[in-house]
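Note: hydrogens, waters and symmetry copies are ignored here, and every other heavy atom, side chains too, is used.
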Amino acid sequence: MGLWANNLDPFVKKFQEDGIPFLALKWESGGKQYYSVLANACGYVLIELMSDTITVLDTHTMMEDPHQRMSFSHWNSDLETGDYLTPVRVSRAISKAGMVDHFYLNILGSQQ
């Protein structure tokens, strides 16, 4: 699950306070710098928090991902303000892409 955060700082602080391990990444899309924090907070689901803002971690020492982690061409740009998360991406490992097309296109309303 990919979630947009207006600022990653409050979430990183909570992960650190609660002892939840996470991986911090930096990556680019369309010439703009973005940051991701990946965590497995409950043991079953991997979440990725994405933002263009983070100050509590040294971005110079973050692992650089050479791949774009989110396409911003068709995305949920109706963002919540403040320290809230907005769902922007659903990821699922599958063996046959055509098997889930109906779910993503007709039920979730995704666009190709």
What are the two closest heavy atoms between S36 and W27, and how far apart are they?
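Closest pair (atom of S36, atom of W27, distance): OG-NE1, 2.7 Å.
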Closest non-hydrogen atom pair between S51 and A5, with its separation
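Closest approach of S51 to A5, heavy atoms only: OG-O, 2.7 Å.
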Looking at [options], which one forms a side chain to side chain contact (heavy atoms under 4.5 Å, CB included) with [X]?
{"X": "V37", "options": "L8, I47, L3", "answer": "L8"}
{"X": "T61", "options": "T59, D58, L57", "answer": "D58"}
{"X": "K26", "options": "M63, M62, R69", "answer": "M62"}

Nearest 0.5 angstrom please: [X] [atom1] to [Y] [atom2], how far?
{"X": "N6", "Y": "T86", "atom1": "CG", "atom2": "OG1", "value": "6.5 Å"}
{"X": "L23", "Y": "E48", "atom1": "CG", "atom2": "CD", "value": "9.0 Å"}
{"X": "Q68", "Y": "K32", "atom1": "CD", "atom2": "NZ", "value": "13.0 Å"}
{"X": "Y35", "Y": "T53", "atom1": "OH", "atom2": "OG1", "value": "8.5 Å"}

Quick check: do F11 and V56 have side-chain heavy atoms less than 4.5 Å from each other?
no
When hydrophobic residues are tied together by side-chain contacts of less than 4.5 Å, even through go-betweens, does L85 share a cluster with M1?
yes
Listing, residues 13-21 side-chain donor-acceptor contacts under 3.5 Å, not counting sequence neighbours, or none:
none

